[in-house]
Amino acid sequence: MSTSRAAGGRGVRVTRGVLLALGVALIGLGGFVLVDTVSPTRYTGLLIWLIGSVIVHDAVIAPIVVGVGLVVRRTGRRVPAAVIVMVQSAVVVGAILSLIVVPEIVAKAKGPRNDTVLPFDYAGRLGAMWLVIAVITAAVVAGYLVWTRRQKVRESTDQV
C-alpha cells in the first residue's frame, strides 16, 4: 500500500489543496487590507503587537493550558479526555478575555485624562467573568458526566 493511500488518498489531497488555496487567498486579502487601511507609520506598532501576541501565547497561555491538563490528569482518578478538553477550553477563553481586559485595568490604574473613557471597574468585571466561566464549565462537565453515565447504564441494560 502506498503512503498516499495510507494518508487518506485523493479526497484528502483535494481537501488539502482547497484549504491551501483558501489560506493563500486569505493571506493575500489580509495583506491588501493592511496596505489599504493601515498607515505605514503604524507598521512598527503592528509588528510589535504581532510579535507580542506570539510571545504571550507561547510563554503564557500555552503553558497554563498544558499545566491545567497535567493537574487535571494527576487528580488520582481517571478523568475523561473530554473533561480535560472542556477545562482547557475554559482556560483559553478566560486567558484571551483577560488579555483583552488587562490593558484597561492598567490604563485605569494610571488614571485616564478623561474619566468617561474608562468608566467601569474592569478588575471586578474580570473577576466576575472568571467566576462565570468556572460555573459554566462546572455545569457543562457535570452535564457531560451525567450523560455519559446514563449512556453506559443504557448500553448495559440493552445487552440483557
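Positions are given from 1 along the sequence.
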- Item | Interatomic distance, Glu104 atom CD to Phe120 atom CZ [nearest 0.5 angstrom] | 11.5 Å
- Item | Connected hydrophobic set around Leu46, excluding itself, where side chains approach under 4.5 Å | Leu34, Val35, Val38, Tyr43, Trp49, Leu50
- Item | In one Ile/Leu/Val/Met/Phe/Trp/Tyr side-chain cluster, 4.5 Å: Val85, Ile61 | no
- Item | Test applied, side chain to side chain contact (heavy atoms under 4.5 Å, CB included); reference residue, Ile51; option that passes from Ile48, Val54, Leu47 | Leu47
- Mind checking whether Val92 and Leu97 sit in one hydrophobic cluster, side chains of I, L, V, M, F, W, Y counted as touching below 4.5 Å? yes
- Message: Are Val71 and Val87 linked, directly or through intermediate hydrophobic residues, by side-chain heavy-atom contacts shorter than 4.5 Å (ILVMFWY only)?
- Response: no
- Message: Hydrophobic clustering (ILVMFWY, side-chain heavy atoms < 4.5 Å, transitive) - are Val66 and Val60 grouped together?
- Response: no
- Message: For the CD1 atom of Ile27 and the CG atom of Leu22, what is their distance to the nearest 0.5 Å?
- Response: 10.0 Å
- Task: Assign the ring pair Tyr144 / Trp147 to parallel, tilted or perpendicular, where the plane angle (0 to 90°) is split at 30° and 60°.
- Result: tilted
- Task: For Tyr122 and Ile105, work out which heavy atoms get closest and say how close.
- Result: CB-CG1, 3.6 Å
- Query: Do Ile100 and Val93 belong to the same hydrophobic cluster, where Ile, Leu, Val, Met, Phe, Trp and Tyr are linked whenever their side-chain heavy atoms lie under 4.5 Å apart, directly or via other members?
  - Reply: yes
- Note on the structure: Rounded to the nearest 0.5 angstrom, the OG1-CZ distance for Thr15 and Arg10 is 10.5 Å
- List for me each residue that meets side chain to side chain contact (heavy atoms under 4.5 Å, CB included) alongside Thr37, sequence neighbours excluded, and say none if there are none. Val33
- Message: Could you report the tightest heavy-atom contact between Thr137 and Met86, atom names first, then the distance?
- Response: CG2-O, 4.1 Å
- How would you list, by chain and number, every residue that makes a side-chain hydrogen bond (donor to acceptor under 3.5 Å, both in side chains) with Ser98, sequence neighbours excluded? Trp130
- Looking only at heavy atoms, what is the nearest atom pair of Arg73 and Ile84, with distance? CG-CD1, 3.4 Å
- Query: Looking at CG of Leu126 and CG of Asp121, how far apart are the two atoms once the value is rounded to the nearest 0.5 Å?
  - Reply: 10.0 Å
